[in-house]
Amino acid sequence: GESVGLHLPTLSVQEGDNSIINCAYSNSASDYFIWYKQESGKGPQFIIDIRSNMDKRQGQRVTVLLNKTVKHLSLQIAATQPGDSAVYFCAENGGGGNKLTFGTGTQLKVEL
Amino acid sequence: DAGVIQSPRHEVTEMGQEVTLRCKPISGHDYLFWYRQTMMRGLELLIYFNNNVPIDDSGMPEDRFSAKMPNASFSTLKIQPSEPRDSAVYFCASSSDIATNEKLFFGSGTQLSVL
């Protein structure tokens, strides 16, 4: 069936380096994507979103890239900090409506 | 705004007991979602409401699970009878409208352990 999946379950980076977290989605009807960050013991928090009519969107230290041709989504974090350590989820809306499907998550570990 | 408020934060119960999880969405949000998170299955949508009306409950595992939203500021997720495999973190989330770029705001979750 359709699913959202992540390539890397764990990503370790050095403090100050850039991080790239990848996500593959299979529902070609999805037109809205969101990245969430989940810290231990907390609920997921919104980071950044992008609609399918865009291929790039930037926020504060974060950039989301969307490649619809290969159904790939990535989250780039610039100058990664210890506070960025968390699990990151991508989510897609399946083509509209109000249901988000979440990927399995990537654990980001920032090493000092 | 205090955000989405869930209670209790932790619940430990014995198999066969009834469990009720509670959620207060953000004021003004028309959509309320219940998710379950486990290591094996990740975040799964159980049910969502629009203007207090259940819209899609296809994710509810079985008849032991039920959810209600008696008014715009309160929802419950009930499990009766509970089983050990129901152990998970249950999240409530609210939004104004996913279709217009509004994102989900999640509560802190209820950690449920069924012994």
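In what follows, chains are A, B, ... by sequence order, proteins preceding strands, each numbered from 1. Just so you know, these numbers use all the heavy atoms, side chains as well, and skip hydrogens, waters and symmetry mates. Just so you know, these numbers come straight off a predicted model, no measurement behind them.
The distance between the ring centers of B/Phe106 and A/Tyr36 falls below 6.0 angstrom.
In this structure, B/Tyr31 is a member of the same hydrophobic cluster as B/Leu104, with clusters built from ILVMFWY side-chain heavy atoms closer than 4.5 Å. Hydrophobic clustering (ILVMFWY, side-chain heavy atoms < 4.5 Å, transitive): B/Tyr90 and B/Val4 are in distinct clusters. B/Phe33 and A/Phe46 end up in the same hydrophobic cluster when Ile, Leu, Val, Met, Phe, Trp and Tyr side chains are linked at under 4.5 Å. Linking ILVMFWY side-chain heavy atoms closer than 4.5 Å, directly or via other members, places A/Tyr25 and A/Ile21 in a single hydrophobic cluster. In the hydrophobic clustering of this structure, B/Ile47 does not group with B/Phe105; members are Ile, Leu, Val, Met, Phe, Trp, Tyr whose side-chain heavy atoms approach within less than 4.5 Å, directly or through other members.
With a 4.5 angstrom heavy-atom cutoff, B/Gln6 does not touch chain A via any of its atoms. Residue A/Gln45: no heavy atom, backbone or side chain, is found under 4.5 Å from chain B. Of the two parts of B/Leu45, only the side chain, counted from C-beta on, holds a non-hydrogen atom closer than 4.5 Å to a non-hydrogen atom of chain A. With a 4.5 angstrom heavy-atom cutoff, B/Arg9 touches chain A only via side-chain atoms.
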Please output the side-chain donor-acceptor pairs of residues 11-22 of chain B that fall under 3.5 Å, not counting sequence neighbours, one pair per line with the distance.
residue	atom	partner	partner atom	Å
B/Arg22	NH1	B/Thr20	O	3.4

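The side-chain heavy atoms of A/Trp35 and B/Lys103, taken from C-beta on, include no pair separated by under 4.5 Å. Put simply, the side chain of A/Lys42 does not reach to within 4.5 Å of the side chain of B/Phe91, judged on heavy atoms.
Applying a 4.5 Å heavy-atom cutoff, none of the residues of residues 77-86 of chain B approach chain A. Of residues 52-76 of chain B, those residues lying under 4.5 Å from chain A by any heavy-atom pair are B/Asp56, B/Ser58.
From A/Leu100, atom CG reaches atom OH of B/Tyr35 across 5.0 Å, with rounding to the nearest 0.5 Å. Distance check: B/Leu43 CG to A/Phe89 CZ gives 5.0 Å after rounding to the nearest 0.5 Å.
In this structure, A/Gln60 places its CD atom where only 12 or fewer heavy-atom neighbours from other residues, nucleotides or ligands lie under 6.0 Å away.
The salt bridge (Lys or Arg N to Asp or Glu O under 4.0 Å) contacts involving residues 63-91 of chain A comprise A/Arg61-A/Asp84, where partners must be two or more places apart or lie in separate chains.
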